[in-house]
2 protein chains.
Amino acid sequence: MARTKEFNEDQALDKAIEIFWHKGYNGTSAQDLVNHLGLSRSSLYDTFGDKQKLFVKSLKRYQKQNLDSLNELFENAENIKTALTEIFKQAVIESLQDRITKGCFMVNSAVELAMHDPEIAKIVHDNQKVVEDIFCNAVKKGQDLGQISDKQDARSLARFIFNNYSGIRVLARAGEKDKQVYDDILKSIFSLF
Amino acid sequence: MARTKEFNEDQALDKAIEIFWHKGYNGTSAQDLVNHLGLSRSSLYDTFGDKQKLFVKSLKRYQKQNLDSLNELFENAENIKTALTEIFKQAVIESLQDRITKGCFMVNSAVELAMHDPEIAKIVHDNQKVVEDIFCNAVKKGQDLGQISDKQDARSLARFIFNNYSGIRVLARAGEKDKQVYDDILKSIFSLF
DNA sequence: AAAAATACGGAACAATCGTTCCTGAATTGG
DNA sequence: CCAATTCAGGAACGATTGTTCCGTATTTTT
């Protein structure tokens, strides 16, 4: 009956993630989206509804991508402690590599929008819970295998890890480029395991 | 010669801090400022120049207030470790008390603006250095007094503390209201000292 | 070939943005 | 009193905001 879509919706969403991640919700204009997604205004609004809906869809997609890779990492990990250090080391690498760094899209969105948009607040809060659970299960497994000290209970440690991850992403977003700063933090974190 | 100002500039700045802190830079309109500061548009622009200048002045004032109280806390502290716990406990209390929580104005501004406004980036970065130094000196003093373990060097510990403080403020901004979450994080943090 | 559906560019929308300016009244120091 | 300055209020600015709509081209299915 009808003409097929010429663009790939997921690819467009990935583009939307990029620009929302970089500029934030309020900092991204409709024109920015048109320019960056390469879609016409009409296609954009026909496909995604409005700016807020597009943002929510972008954030959910970002969340899924991150959770998937996090789960995959722990599933394939032989040593949990090593896997945890890999996560942080990767965050540090990302923080240092570009001239500018975008931090974490979820953290940025939490700070900018969670107070003012209940839908975003729910996504952020759910994400926090899920990541916390992933960390918690990983820590438990690590403790069972004797790879992680069991002086701290797994839940506390998971929340602690999450907190430091957030902190590092803020540091990156703030433009910190001194590797020593990150390394000092990591040293302290992992002295606890 | 001239009529005296009817409003107190510092009080107006405190009002500006409140609303910028709550809504962010891009989320606060000129009309919001007029309504909340209780000044006319003309007085506002005559006094502070423009929105960005007002924001910078607000953020600097917020910074000074925080640094002053931080310095005062450590100067009067008999036990450094206790003082550090007080800082975090206070942050937790603030996070839980209001229905909505604003987090930390400096952290919020870092996430929203540091990438896009060099002037803000400099304030954020300077603040980070100063707070880090305050923590570092405090930790050193605590280690000398035998109140804090000297297994970690003071600089690392200071950066670690700063990182967790940022993380907690993000958590608060994200709307976390479960005291147990904060307590778990604090327990892990202070198991390191 | 006809009909249905979608893409596209761009015009156009009302609303809001940050900012400037004008007015007239109020208050101050000389 | 005079001159200078600041006040409040509101009109008005051009620019940009998010969004809608139109006309036309293109592609698909019947």
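So that the names make sense, note that chain A is the first sequence line, chain B the second, and so on, each numbered from 1.
Judged purely by atom type and a 3.5 angstrom limit, B:Ser166 has no side-chain atom pairing as donor or acceptor with the backbone of A:Gly167.
When each of C:dC8, D:dA8, D:dT20 is scored by its nearest atom to the side-chain atoms of B:Leu39, the top-ranked nucleotide is D:dA8. Of the listed nucleotides (C:dC8, C:dT19, D:dT20), C:dT19 has the atom at the smallest distance from the side chain of B:Tyr45.
The nearest whole Å value for the distance from the CG atom in A:Asp46 to the P atom in D:dC22 is 13 Å. Atom CZ in A:Phe48 sits roughly 16 Å away from atom P in D:dG18 (whole-Å rounding). Look at NZ on B:Lys51: it is 14 Å from P on C:dT20, rounded to the nearest Å. Between the CD atom of A:Gln31 and the C1' atom of C:dT16 there is a distance of 17 Å, rounded to whole Å. As a whole-Å value, the separation of A:Leu44 CG from D:dT17 P is 14 Å. Rounded to whole Å, atom P of C:dC8 lies 11 Å from atom CG of A:Leu37. Between the P atom of C:dT16 and the CG atom of B:Leu33 lies a distance of 17 Å, rounded to the nearest Å. Taking atom NZ on A:Lys53 and atom P on D:dG18, their separation rounds to 15 Å, with Å as the unit.
Between A:Trp21 and A:Phe105, the ring-plane angle classifies as parallel under the 30° and 60° cut-offs.
Taking side-chain N and O atoms only, B:Ser40 has no distance below 4.0 Å to OP1 or OP2 of D:dG9. The side chain of A:Ser43 places an N or O atom within less than 4.0 Å of a non-bridging phosphate oxygen (OP1 or OP2) of C:dC8.
Taking the ring centroids of B:Phe190 and B:Phe88, they lie under the 6.0 Å cut-off.
Residue B:Lys15 comes nearest to B:His36 through the heavy atom pair O-ND1, 3.3 Å, listed as atom of the first residue, atom of the second, then distance. Heavy-atom minimum distance, B:Ala91 versus B:Ile168: CB-CG2, 4.4 Å.
Each of A:Asp50 and B:Arg41 was matched to the nucleotide of DNA chain D holding its nearest heavy atom; the match closer to the 5' end belongs to B:Arg41. Place A:Asn26 and B:Ser42 on DNA chain D by their nearest nucleotides, and B:Ser42 ends up nearer the 5' end.
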